[in-house]
Amino acid sequence: MKVLVVGGGGREHAIVLKLKESKKIDKIYCAPGNAGISRDAQCVDIKATDIFALADFAKSEKIDFTVVGMDDPLVMGIVDEFEKQGLRIFGPRKNAAIIEGSKAFSKELMKKYNIPTAKYETFSDFESAYSYIKENKLPIVVKADGLALGKGVIICNSLEEAKAGLKQIMIDKKFGESGSKVVVEEFLTGPEVSVLSFCDGTTLIPMVSAQDHKRAFDGDEGLNTGGMGTFSPSRIYTDEIADVCMEKIFKPTVSALKKEGREFKGIIYFGLMITDDGPKVIEYNARFGDPETQVILPRLESDLLEVFEACVDGTLDKIEVKWKNNAAACVILASGGYPESYDKGFPIYGLENCDRRDDIFVYHAGTALKDNGFVTNGGRVLGITGVGKNLDEAIKIAYQGVDLVSFDKMHFRRDIGVKRS
Ligand code: AMP
Ligand code: GLY
């Protein structure tokens, strides 16, 4: 089979590497991919959001199956277009990807079907949003309705912050049209866990749990980033909590979407907070997480393509998804300055040392090739994953991998996976 993966970050590199293990696949393409991915797949110079060009490519190259890694093409309707053209593709259609594309939609769905989440109201104008905030308890959370590269959430500790945040989103349109509506919601407290799941529209199979570290610096200090590291399993996600999530959140979400005529085939990513009142949904995503995928997929025993096909065919109840009895931790090596401005083009040293270790996986997020060697080419440059028999060992191995690699102005957190109360 010929498979096309859409996207070009660390997440897509992890998907490509896992698919490479499938005996059913002869060739993997990745659009647009990146320099590191080009060692494992044939990269195609088409943007992930260029849906029509991707469909043309899939047709002319006789691609048997396409996997979408990124959120934007899903929300834009890549799956609908491929299906219209008779092409097989893994991911939710536009009317289901909206659980990520519109926070107002997903909050309304949760309210209607009694799925536990923070209390909220939706607003389309600044004045009424601000009046509501003035009447409610601080801190309070303001979220842009649409996609905002994970940056459209503002936790407001004062009225001044709330006013400034609302202004940025609704008036200055910092996130474009994503901010023409906002969700204002109750501030919840508790540890967070990410549970991704495979879904075929009716059956949902959760993957192993993961936790990520979003802040730039150790001790959860500094600015929010796309993710500085992650580990799996989560220490807080016990079997009891998993059972509650299955009954109160996962199954109700799938059946709610089905009842609304928005059958969801693909990955539902549940961003959960374990509050004193039980687990609540902080957000839904309609795709694999980045960098969660870089610790989840190395733990998968089953053939990933078979699982994807079962989701598309509606036969997830007929297969078993098997996991390895191990743990994984991923440390992101970022460019100094990230998530603000940073320089690019620094040579990366020592990657060949990682190649020699079968317990270390290197996922490329932002690299380029120059004179046959890799150079830095983005904020998040590499994800170094260590796999071990338990979390402590996995974390130790990930940092051994980090010690093998270097580039100028390299920045990473030293506390990935560290227990915090
Ligand atoms: P989101 O993009 O919705 O995942 O939000 C980003 C981060 O903001 C989450 O991972 C939480 O840490 C935080 N957050 C979002 N909503 C809330 C909330 N209602 N209460 C407390 N923290 C929140
Ligand atoms: N790691 C968070 C996300 O992928 O949205």
Side-chain angles (χ1 to χ4, degrees), residues 7 9-12 14-15 68-72 74-75 97 99-107 110-111 116-122 133 136-157 161-162 165 169 175 178-179 182-196 207 209-216 220 222-232 234 267-277 279-297 330 332 339 363 365 379-380 383 416 420:
R11 163 183 51 207
E12 287 75 23
I15 294 171
V68 188
M70 281 180 70
D71 43 357
D72 305 72
L74 291 168
V75 171
I99 61 164
E100 173 162 7
S102 167
K103 292 196 194 281
F105 172 86
S106 62
K107 294 296 288 190
M110 288 186 264
K111 192 191 245 177
T117 189
K119 287 198 198 73
Y120 78 102
E121 288 294 334
T122 303
I133 291 173
N136 280 278
K137 262 203 332 240
L138 291 167
I140 199 159
V141 185
V142 175
K143 300 184 172 185
D145 176 48
L147 296 181
L149 295 170
K151 298 189 179 85
V153 174
I154 305 176
I155 314 259
C156 310
N157 290 299
E161 264 177 19
I169 296 178
F175 308 108
S178 289
V182 290
V183 167
V184 179
E185 72 178 27
E186 168 200 16
F187 177 77
L188 299 176
T189 50
E192 288 181 56
V193 52
S194 306
V195 180
L196 284 62
M207 301 184 209
S209 62
Q211 256 175 269
D212 70 348
H213 298 267
K214 290 202 171 82
R215 300 294 186 127
D220 289 335
L223 291 174
N224 247 330
T225 71
M228 291 301 293
T230 175
F231 57 97
S232 169
S234 153
I267 306 291
I268 308 185
Y269 166 137
F270 298 88
L272 304 168
M273 194 176 271
I274 314 301
T275 73
D276 290 343
D277 278 344
K280 296 193 178 178
V281 177
I282 289 284
E283 65 162 346
Y284 290 126
N285 291 319
R287 42 142 184 106
F288 276 111
D290 191 342
E292 288 87 342
T293 310
Q294 290 90 308
V295 287
I296 292 172
L297 288 187
C330 175
I332 299 294
Y363 299 113
R380 289 190 293 177
I416 299 306
R420 240 186 284 283

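One is the number of the first residue; the rest follow in order along the sequence. For ligands, and for the atoms within them, numbers begin at 1 and follow the listed sequence. If you're wondering where the values come from, they're calculated on a predicted model, not measured in any experiment.
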His213 and Phe231 aromatic ring geometry - parallel, tilted or perpendicular at 30°/60° bounds:
tilted
Side chains of Glu283 and Val153 in contact at under 4.5 Å (non-hydrogen atoms)
no
Here the atoms of ligand 2 under 4.0 Å from any heavy atom belonging to Gly289 are 4 (O)
Which of the atoms in ligand 2, numbered in the order shown and given with their element, are less than 4.0 Å from a heavy-atom of Asp212?
1 (N), 2 (C)
Checking the side chain of [X] only, and the main-chain atoms of [Y] only, is there a donor and an acceptor separated by less than 3.5 Å?
X	Y	answer
Asp145	Lys103	yes
Arg215	Gly222	yes
Glu12	Gly9	yes
Gln211	Ser234	no

Measure Glu292 to ligand 2 on non-hydrogen atoms and call it side chain, backbone, both or neither using the 4.0 Å cut-off.
side chain
Quick look: Asn285 vs ligand 2, heavy-atom contacts under 4.0 Å, and the answer is side chain
Contact between ligand 2 and Lys214 is defined here as a heavy atom of the residue under 4.0 Å from a ligand atom; is it met?
no
Check Val295, Thr293, Ile296 against Thr230 for a side chain to side chain contact (heavy atoms under 4.5 Å, CB included) and give me the one that passes.
Val295
Which residue is it: Val281, Thr117, Ile282? I am looking for the one with a side chain to side chain contact (heavy atoms under 4.5 Å, CB included) to Leu272.
Val281
Is the distance between the ring centroids of Tyr269 and Tyr284 under 6.0 Å?
no
Which atoms form the tightest heavy-atom contact between Ala118 and Lys107, and what is the distance?
O-NZ, 2.8 Å
Region of Lys143 engaging ligand 1 - heavy atom pairs below 4.0 Å
side chain
Can you list the ligand 1 atoms lying under 4.0 Å from a non-hydrogen atom of [X]?
X	answer
Glu185	16 (N), 17 (C), 18 (C), 19 (N)
Phe187	20 (N), 21 (C)
Ile155	13 (C), 14 (N), 22 (N), 23 (C)
Lys103	2 (O), 3 (O)
Lys214	10 (O)

With respect to atom 2 (O) of ligand 1, which of Val184, Asn224, Val153 exhibits the smallest heavy-atom separation?
Val153
Can an N or O of Ala118 be found at a distance shorter than 3.5 Å from an N or O of ligand 1?
no
Taking distance alone, with N or O pairs closer than 3.5 Å, would you say Arg11 contacts ligand 2?
no
What residue and atom, counting heavy atoms only, is the protein's closest point to atom 2 (C) of ligand 2, and at what distance?
Tyr269 OH, 3.4 Å
Minimum-distance protein heavy atom relative to atom 3 (C) of ligand 2
Arg287 NH1, 3.6 Å
